[in-house]
Novice: 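Just dropping this structure here.
None of the values given here were measured: they were computed from a predicted structure. First listed ligand is number 1; within each ligand, the first listed atom is number 1. Numbers here are sequence positions counted from 1.
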Amino acid sequence: VFEAALLADNQRRASAVRARFEHARITALNLIGAPGAGKTALLVATILALSDRACTVIEGDQATDNDAKRIAATGCRVVQVNTGAGCHLDAEMIAGALGRLEPNDGSLLFVENVGNLVCPALFDLGEAAKVVVMSVTEGDDKPLKYPHVFRAASAMVLNKVDLVPHLEVDPAQLVANALRVNPALAVFSLSATRGLGLEPWCGWLRARARAAA
Ligand SMILES: Nc1nc2c(ncn2[C@@H]2O[C@H](COP(=O)(O)OP(=O)(O)OP(=O)(O)O)[C@@H](O)[C@H]2O)c(=O)[nH]1
Ligand SMILES: [Mg+2]
């Protein structure tokens with residue numbers, strides 16, 4: 001009962017945040033993935049590749065501002081949110097961060113959620129879409145074992161494809177498992193640190209931003 005009330009309260013706040021984004025034509029993406037999947041590396045590479053677009057970032061972590069510093073080094077405006085013991089961001093935290101961030105009308109806003117494949121799937125942040133970020137090192141069965149986030153997401157980034165030759169993992173099987181859970185998932189295989197395969201992902205982001213304009 002407590003959890004249902006908590007989620008209902010979050011949903012109300014998320015709807016208000018979403019209305020605010022739509023009014024300002026801001027495209028907000030909620031990036032969710034396990035610790036170390038490469039969410040921050042993906043954001044750094046994406047921001048540099050989309051240098052012609054206005055972007056801002058909300059960084060969610062239990063502790064430290066390490067990731068905010070990595071984003072700030074690209075020249076992008078960023079706000080860090082620390083959740084302490086919390087395992088996910090919620091809509092109230094986003095509303096608070098927006099007061100500090102003040103993203104421009106028509107811009108792209110990336111939210112990096114706390115590293116966790118489970119809890120963040122439950123909490124609507126008012127985003128236009130959730131993106132699940134996975135790396136090939138996590139194993140090809142993960143979409144079947146943690147289906148909720150794959151079902152909730154509109155896209156999956158499969159990161160660290162540069163490491164495939166060193167692993168036993170079958171990336172085709174991983175993608176097939178993800179599509180079994182959610183046939184509508186847009187899939188982007190890439191290497192954030194090597195800058196491989198970024199084009200289709202950036203194209204998808206541009207199309208989302210155009211749709212909001
Ligand atoms: N080989 C390889 N390493 C990568 C790639 N992307 C990220 N990494 C490395 O993976 C590690 C984790 O990357 P982060 O960007 O910190 O991952 P994260 O998902 O933001 O981690 P948390 O915020 O702690 O959940 C770092 O050492 C990165 O350099 C990639 O495409 N290829
Ligand atoms: Mg990170």
Novice: Specify the closest pair of heavy atoms between Ala37 and Glu138, including all atoms of both residues, with the distance to one decimal.
Specialist: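 Closest approach of Ala37 to Glu138, heavy atoms only: CB-OE2, 3.4 Å.
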
Novice: With rounding to the nearest 0.5 Å, note down the distance linking CZ in Arg25 to CG in Asn104.
Specialist: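 Arg25 atom CZ to Asn104 atom CG measures 10.5 Å (nearest 0.5 Å).
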
Novice: Which is it for Asp124 and Arg18 under the salt bridge (charged side-chain N to carboxylate O under 4.0 Å, His left out) test, yes or no, and what are the steps along the way?
Specialist: CA-CA 9 Å; Asp124 186 1; Arg18 181 167 287 110; 2.8 Å; yes

Novice: Can you list every pair that meets salt bridge (charged side-chain N to carboxylate O under 4.0 Å, His left out) and has a residue in residues 164-182, with sequence neighbours left out?
Specialist: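 Salt bridge (charged side-chain N to carboxylate O under 4.0 Å, His left out) check on residues 164-182 returns no pairs.
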
Novice: Closer than 3.5 angstrom, by distance alone: can the side chain of Glu112 be matched with the main-chain N or O of Ile58 as a donor-acceptor pair?
Specialist: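 Flag not set: sc Glu112 to bb Ile58 has no pair under 3.5 Å.
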
Novice: Run the salt-bridge test on Arg206 and Asp52 with the 4.0 Å N-O cut-off and return the result as yes or no.
Specialist: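 Salt bridge present between Arg206 and Asp52.
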
Novice: Pick one: which of Leu31, Leu185, Leu42, Ile32 meets side chain to side chain contact (heavy atoms under 4.5 Å, CB included) with Val131?
Specialist: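 Considering Leu31, Leu185, Leu42, Ile32, a side chain to side chain contact (heavy atoms under 4.5 Å, CB included) with Val131 is found only for Leu31.
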
Novice: Any idea how many protein N, O or S atoms are nearer than 2.8 Å to the Mg ion (ligand 2)?
Specialist: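 Those protein atoms number 3 in total.
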
Novice: For ligand 1, what is the set of protein residues having any non-hydrogen atom at a distance below 4.0 Å?
Specialist: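 Shell around ligand 1 (4.0 Å, heavy atoms): Ala34, Pro35, Gly36, Ala37, Gly38, Lys39, Thr40, Ala41, Asp61, Asp67, Arg70, Glu112, Gly115, Asn159, Lys160, Asp162, Leu163, Ser191, Ala192, Thr193.
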
Novice: Rounded to the nearest 0.5 Å, how far does CD of Glu127 lie from OG of Ser154?
Specialist: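 It comes to 8.5 Å.
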
Novice: Only pairs under 3.5 Å count here: list side-chain donor-acceptor contacts from residues 87-103, not counting sequence neighbours, and write none if there are none.
Specialist:
residue : atom : partner : partner atom : Å
Asp90   : OD1  : Glu92   : N            : 3.1
Asp90   : OD1  : Met93   : N            : 2.9
Arg100  : NH2  : Gln80   : O            : 3.3

